[in-house]
There are 2 protein chains.
Amino acid sequence: MTLSEENYLKSIYILQKGRSTGVSTTVLAQYLETKPASTTEMIKKLHEKELVIYQPYQGVMLNENGEKFALHVIRKHRLWETFLAEKLNFSWDEIHDVAEQLEHIHSEKLVRELDRFLGYPKQDPHGDPIPDAQGKMLKMEKKRISQLKKGDQGKCIGVNDTSSSFLQFLDKQAIKLGSAIEILNVEDFDQTMTVKVDGKKLLLSKIATENIYIRL
Amino acid sequence: MTLSEENYLKSIYILQKGRSTGVSTTVLAQYLETKPASTTEMIKKLHEKELVIYQPYQGVMLNENGEKFALHVIRKHRLWETFLAEKLNFSWDEIHDVAEQLEHIHSEKLVRELDRFLGYPKQDPHGDPIPDAQGKMLKMEKKRISQLKKGDQGKCIGVNDTSSSFLQFLDKQAIKLGSAIEILNVEDFDQTMTVKVDGKKLLLSKIATENIYIRL
DNA sequence: ATTTATATTTAGGCAAACCTAAAAAATATA
DNA sequence: TATATTTTTTAGGTTTGCCTAAATATAAAT
């Protein structure tokens, strides 16, 4: 399994999550920052290796086998993220690029021992669940801040957008995993919310509140 | 800097160590398990990038710039080796393959933080010195067991051969970093040595004694 | 000093993963 | 339904790093 193949499988998994329909060539190409023509090529290769379900013009889906590989890559990615955040003082926005490289290291022992070393964590620093060696993971009861109403309270358990600009914004606002959240007010006009985060009052735009996950 | 370029620079550094002459194409090719033709190609590329000194048929040497990069890769390799051995329970022979992959991860922050996390180690689990961020490292007073004579005593501080068969052999004999070594006898005929290792009497062949480093 | 052997380089190809441009299929619109 | 637009695929190229086979340079042996 090459680095590129792993990236395609992982991306298909992420883009497909929740949807019943296949992932389109163009969407996949955009996500991977390549061109549709390159994507078609790789999809055909993955199809020949029996890792995806594919019919020309119909998009692509992982089959059972492909999902197994995708989940393994995601497991490694999230374990490394945890390592970087907990042991190496990486901030939310610095984690991603490095984990993107580390997820492609091949060694079963490494993954097993890293998991043990970290104390078998169930979720990564973004609040996403970490698949176990069998690919099983918790699904979490989570809501976006934007779904809450005045007076609701909860804990920050993750983010949706993982772009570095958003993660830097969160760092700047001192919003982090575990932060206590309380909704003080929702502006009718533009859904801007006034929120208490670890005791500090903040104003969050709609786009921000849609990208932060909370457990009540 | 590509993964291949990094591997060539590192290998030239290691093969050149101690020698004043350049490293020959064939030797480099063997070390990297490629063909001489491929090696010539890469040497030319590194020469164009001004990382090595090269004239056709005269072998290759690192210039100052190339050495800087080589030492950086070696620094990363040895820090990761230390991490694998100390934190993840890797045995001597399991370390190498994984460190070989990890050394190519690109992130200055990662290296810096890993170094701190490990407590700024000065040598790796094989007893080799770890270059600092400036490429400086301790050089150690070390001798091969084969250079010692009856009655000499010392501590095991490293190995020369890092092939997995040799490292497995050492694990089996319970010879490890820090083991107390005492020479009990040297056989005139074939230089086979009787050695006390941490109190246990062992027989070591010439080829074994040549590949274990000792500090008196 | 030739010849022979070995080491190195050159020439021409191959696979992976990308690209652009053009063709074909699917979808949307008039 | 016919046409226009968008999406997807195909065709043909590029780069990196590898290969084999052949040519050339260097070193060793007679």
Hits for salt bridge (Lys or Arg N to Asp or Glu O under 4.0 Å) against B/Glu67, two or more places apart or cross-chain, chain-then-number order -> none
Using atom CG of B/Leu32 as one end and atom P of D/dC19 as the other, report the distance to the nearest whole Å.
10 Å
In terms of the nearest nucleotide of DNA chain D, which residue is placed more toward the 5' end: A/Ala37 or B/Thr34?
A/Ala37
Is the A/Trp80 ring parallel, tilted or perpendicular to the B/Trp80 ring (thresholds 30°, 60°)?
perpendicular
Got a sec? Which of residues 6-16 of chain A come in under 4.0 Å of DNA chain C, heavy atoms?
A/Tyr8
Decide yes or no on ring pair (Phe, Tyr, Trp, His ring centres under 6.0 Å) for A/Tyr8 and A/Phe69, but give the supporting numbers first.
CA-CA 11 Å; A/Tyr8 275 90; A/Phe69 281 103; over 10 Å; no
Sequence-distant partners of B/Glu50, salt bridge (Lys or Arg N to Asp or Glu O under 4.0 Å), two or more places apart:
none
What class does the angle between the rings of A/Phe117 and B/Phe117 fall in, given that below 30° is parallel, 30 to 60° is tilted and above 60° is perpendicular?
perpendicular
Could you work out which one of D/dC19, C/dT9, C/dC19 sits closest to the side chain of B/Ser38?
D/dC19
Checking contacts here: which listed nucleotide (C/dC19, D/dT9, C/dA17) is nearest the side-chain heavy atoms of A/Lys45?
C/dA17
Rounded to the nearest Å, what distance is computed from the CE atom of residue B/Met42 to the P atom of nucleotide C/dT9?
15 Å
Atom CD of B/Gln58 and atom P of D/dT26: how far apart are they, to the nearest Å?
7 Å
Just how far, in rounded Å, is P of D/dT10 from CD1 of A/Ile43?
11 Å
